[in-house]
Amino acid sequence: MTLVSDSIPYMVQGVSQQPDEVRKPYQGAIQINAQSSLVDGLNKRPPTEHIAKLLTSSETNAACHLVDRGSSSRYIVIIQSDNTLGNTSLKVFNALTGAESTVTNSASDLSYLVCSDPRNDIRFLTVLSKTYILNRQATAAMSSTTSADVTFTEKQRFSDLPTSGVSSGDIYKVIGDDSDQFSAFWVTYTGGSVYEETVAPNSFIALDATTLPHQLTQSGSDFTYNVNTYTNRIVGDTDTNEDPSFVGKKINSMFFFKNRFGLVAEESISFSESGEFANFFRTTVTTEVDSDRVDIDVTHTRVANIQHAVPFNEQLLLFSSQSQFFVESSGALTKDSISINPASDFEMDTNLSPVGAGVNVYFSQISGAFSRVRELYVATDLDTHDAADITAHVPKYLPGNLTKVTASTSEDLLYFLSSDEPSRVYCYKYNWAGTDKNQSAWSYFQFDSADTILWLETVENKTYFVTSRSDGVYLDVMDYLVPSDTNLTFNVRLDRKKSITGSYSSGTGLTTWTIPYEVATGTTVSAIKGGTGADAGTSVTTARPTTTTVTATGDFSSQAFYLGIPYEMQYRFSTQYVREATGVSTSIGEKMAVRMGRLQMRRWQISYEGTGFFKVEVKPDSRDLKTYEYSSRRVSFSSTQPDRVSLESGSFSFPILAQNDKVTVDLKSDSYLPCRFIQAEWEGNYSVHSRRM
């Protein structure tokens, strides 16, 4: 029997579903409500902070969008619809305060927004003060508006047009001959010897704006909803100046690219006139103008029904259910310079819009009841592209039916929502060092199981949540940097956190806090002192007389308290093995685990920093659970001195006394105090009846 030991040098690689023997020893089996940081190690996730109650009734499906015009001007748009006009609504709220903005409806009604699945049917695109709103179920059409039905005269050539005996407004059709470089065109006499190109008489000239993306325009804190004004066909006819390719089709996506507004319908991509975002017609049919609209089809051996268009790194990425394409042009985008080239042939889940982050674009795939995520590397100077599977080591972790992904390029992370697990946020934390990826960590945040997270969006270091609960829809925010709360040296880990000053009743001897949301009386709401006294950061024992009140015995009305709902962090270590010192490595580069012999774990040691509380649960097979607690809270034994809170660093040892593959070791914390873990070590007795050759 030999005494052996090993270390887990860091704990920031999330979870793995590979067999314990081949996974990296510093990957975990479970990680819930913990975030992985290369700087801070494994730490309890940031809390959510309550901003406001937005809607008075619960919701299961809504389209949401963040209008972000800087840190002091952020607004959240919410569209609700159950496929009836009477239950279709458009509301806008201040993302910082939750105050509802005034929305003036200048359209005839909200009929364009009527749909059965707002979350998937409605798309948004914000440019400056204007937000375009697309209903993917609406079929784009031409209106019944026509040009004047007047008589006209045909001429062979432009030089044949008369200069006398003609009245202003007379229309001529120049039909051309074999020597011309253009098709027939129409002109109108304007006086003198001047003719201007015009549209054919009695022809359809206008797009039906009621069937096309509408606009929401911001003015200060107020918004106006209206149909968008699209430019009419002003020259040619339906042969020489064709309808845009999206007419008669459902528009799947919209985008801005190289100073053009674009719409995607089936296999067709339509670009507006350069700098004129409302014009999808040619401005002349007598010559090719570089700034004119561009209409192009995607051709491929597979079905190329384009569902998403993502401008990225001076390229436009197109996504169909089976393939990905790049739209490229050398210099300005024109009819002659544009090309669409296949990038890769990966199937994708078209219900989830791809998202760009850094030099990569992320998109999902359906894998049975689960989802996979691919990382498409985009390099403008390379002709080859690859989309690595970043869920290869967790193939059955991310649930199916993903509805939303948001990226933070400042923190190198992605958050995913799924309608299969509506109270969870799945997290992917990554880090690149040049071309080497030194972090690829999956985990999830678990919120109240009764919550339905409708939407989230990350801006800089903050993530905004729109969450439906039994009594309404709420707006919360999470700050990834977890700044210290006012007057405290740490950030209080309580969800739906709010700073509130209570009122004291001498008759009852109770301090009462009224919280701005309803919580069942059986749910604990903690109260943490936020004043400037020596006991700042300590908690008081609370009771819940009603769904909106919290009480504590004593007079605490002189200072603000932080109130919120506790949540638990959990991290389960992978099974640890004795590994080969030299020789064969696994497919992921780790030394091979040795299964011969017996490893009897004696004890573990965990290094922590800036930590107030945690506990370790050790559960051997067929034996009772053992719990070992660490707390840095210093309790005063003097009646004249208050209790105090301190955050400390050090190491914590605890016994295991079980065989390595017949025990689970969990780190947990349900405290409002922070905890950070840097590394772990273990030692045990190893016995084997043979020797390696």
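No experiment lies behind these values; they were computed from the predicted model shown.
- Side-chain polar atoms of S272 and N279 form no donor-acceptor pair below 3.5 angstrom.
- Under the 3.5 Å distance criterion, with hydrogens and angles disregarded, no donor-acceptor pair is assigned to the side chains of N226 and T224.
- A donor-acceptor pair shorter than 3.5 Å cannot be found between the side chains of S320 and N305.
- When all heavy atoms are compared, the tightest approach of S245 to S268 is OG-CB, 3.2 Å.
- With sequence neighbours excluded, no residue satisfies salt bridge (Lys or Arg N to Asp or Glu O under 4.0 Å) with R293.
- In this structure, Y517 and Y474 have perpendicular ring planes: the angle between them is above 60°, well past the 30° mark.
- Ion pairing between a basic and an acidic side chain is recognised when a charged N comes within 4.0 Å of a carboxylate O; D243 and R233 show such pairing.
- Residues Q315 and E328 have side chains that bring a donor and an acceptor to within less than 3.5 angstrom of each other.
- Counting only N and O atoms by type, the side chains of N401 and S418 include no donor and acceptor under 3.5 Å apart.
- At most 12 non-hydrogen atoms from other residues, nucleotides or ligands lie less than 6.0 angstrom from NZ of K462.
- Side-chain contact between V67 and V77: present, with at least one pair of heavy atoms (C-beta onward) separated by less than 4.5 Å.
- Heavy-atom minimum distance, I296 versus I338: CD1-CG2, 3.9 Å.
- Between F257 and V327, the shortest heavy-atom distance links the atoms CZ-O, 4.2 Å.
- Using cut-offs of 30° and 60° for the angle between ring planes, the Y112 and H214 rings count as parallel.
- Residue A206 comes nearest to N232 through the heavy atom pair CB-OD1, 3.2 Å, listed as atom of the first residue, atom of the second, then distance.
- Using bins of under 30°, 30° to 60° and over 60° for the plane-to-plane angle, the ring pair H65/F124 lands in the parallel bin.
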| What's the verdict on side-chain hydrogen bond (donor to acceptor under 3.5 Å, both in side chains) for E375 and Y362, showing C-alpha distance, side-chain angles and the deciding distance? | CA-CA 5 Å; E375 182 179 66; Y362 298 85; 2.6 Å; yes
